[in-house]
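One structure is given below, encoded as structure tokens.
Both backbone and side-chain heavy atoms feed into the values below; hydrogens, waters and symmetry mates do not.
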Amino acid sequence: MRFSVLASGSTGNAVYVENDEHSFLIDVGLSGKKMEQLFANIDRDMKSLSGILVTHEHSDHIKGLGVIARKYNIPVYANAKTWTAMDGLVGTIPTDLCFDFDMETVKTFGSLDIQSFAVSHDAADPMFYTFHDNGRKLVVITDTGYVSDRMKGYIAAADAYVFESNHDVSMLQMGKYPWNIKRRILSDVGHVSNEDAAVAMADVVAEKQTQIYLAHLSKDNNMKDLARMSVEQTLQSCGIITGEYLHLHDTDANEPTKLVMV
């Protein structure tokens with residue numbers, strides 16, 4: 001498998017995953033024009049996509065979904081409640097491009113198995129995905145207020161993670177957001193902080209070479225250097241030294257990460 005975090009943050013999210021047979025896009029949270037630019041940056045063409053996997057209906061995950069699906073005739077996969085919640089938000093997607101992907105099930109595309117799992121977020125029925133191919137495992141998990149033991153069971157011992165590290169709690173508490181927004185972000189259906197993300201990472205990583213991409217950073221309540229430092233320090237307090245077998249990487253709201261092998 002190979003993957004690239006095309007864009008990640010408060011303003012839009014999309015992750016690309018491929019193997020030698022199939023390729024998928026997880027969410028389309030940016031405009032169609034921006035998505036085409038991001039694909040060009042990793043030397044890929046959206047015409048070759050096998051499908052789009054939707055996590056939930058928030059605009060930073062589906063902004064360009066309808067446009068891209070219609071323009072390139074790409075199958076779209078989402079669970080039933082998310083399909084209902086997206087009604088009126090993405091325009092009309094032809095029926096023959098609409099497919100159900102039920103919660104906590106597996107779909108197989110050649111040698112690639114994709115498993116969905118529930119997260120805790122204030123959306124209709126949010127879920128994220130693990131990818132399995134020839135003994136290798138990639139996890140994409142953002143937009144969750146906490147990481148439950150059930151989630152940890154799904155995401156444990158992966159070779160690579162796209163893992164939410166949304167906010168620094170102090171920055172959020174002292175920042176400009178209204179209290180109701182702060183309360184939502186800090187809640188069990190909001191987003192995980194840098195420290196909480198690291199604690200969850202410590203519970204799920206195996207002692208093997210593991211790449212973790214810190215994702216969905218808040219543009220107002222976090223910074224790349226701060227997120228990386230906070231995660232490193234918290235992992236160290238849990239007995240894990242980054243750089244030995246676990247390696248942290250930044251993501252960006254506007255620039256894709258290098259297409260890398262899992």
By ring pair (Phe, Tyr, Trp, His ring centres under 6.0 Å), which residues pair with Tyr245, not counting sequence neighbours?
none
Is a side-chain donor-acceptor pair under 3.5 Å present for Ser111 with Glu21?
yes
Can you name the ring pair (Phe, Tyr, Trp, His ring centres under 6.0 Å) partners of His132, sequence neighbours left out?
none
Carboxylate-amine/guanidinium contact Arg228 Asp225, below 4.0 Å
yes
Please tabulate, for the side chains in residues 172-182, all donor-acceptor contacts under 3.5 angstrom to protein atoms that are two or more places apart in sequence or on a different chain.
unit_1, atom_1, unit_2, atom_2, d
Tyr177, OH, Asp220, OD2, 2.9
Lys182, NZ, Gln173, O, 2.8
Lys182, NZ, Gly175, O, 3.0

Applying side chain to side chain contact (heavy atoms under 4.5 Å, CB included), can you list everything that pairs with Ala14, at least two apart in sequence or on another chain?
Leu6, Leu25, Leu30, Met35
Distance-only check: which donor-acceptor pairs under 3.5 Å involve side-chain atoms of residues 78-89, not counting sequence neighbours?
unit_1, atom_1, unit_2, atom_2, d
Asn79, OD1, Lys81, N, 3.3
Asn79, OD1, Thr82, N, 2.9
Asn79, OD1, Thr82, OG1, 3.0
Asn79, ND2, Asp125, O, 2.8
Trp83, NE1, Ala78, O, 3.2
Trp83, NE1, Phe99, O, 3.0
Thr84, OG1, Ala80, O, 3.2

Looking at every non-hydrogen atom in both residues, tell me the closest pair between Phe109 and His22 and how far apart they are.
O-CD2, 3.3 Å
Side-chain hydrophobic cluster, 4.5 Å single linkage: members besides Val189
none
Measuring from Met201:CE to Ile155:CD1, what's the distance to the nearest 0.5 Å?
9.0 Å
Atom of Glu18, atom of Ser23 and distance for their closest heavy-atom approach
CB-CB, 3.8 Å
Under 3.5 Å, is there a donor-acceptor pair linking the side chains of Asp27 and Thr55?
yes
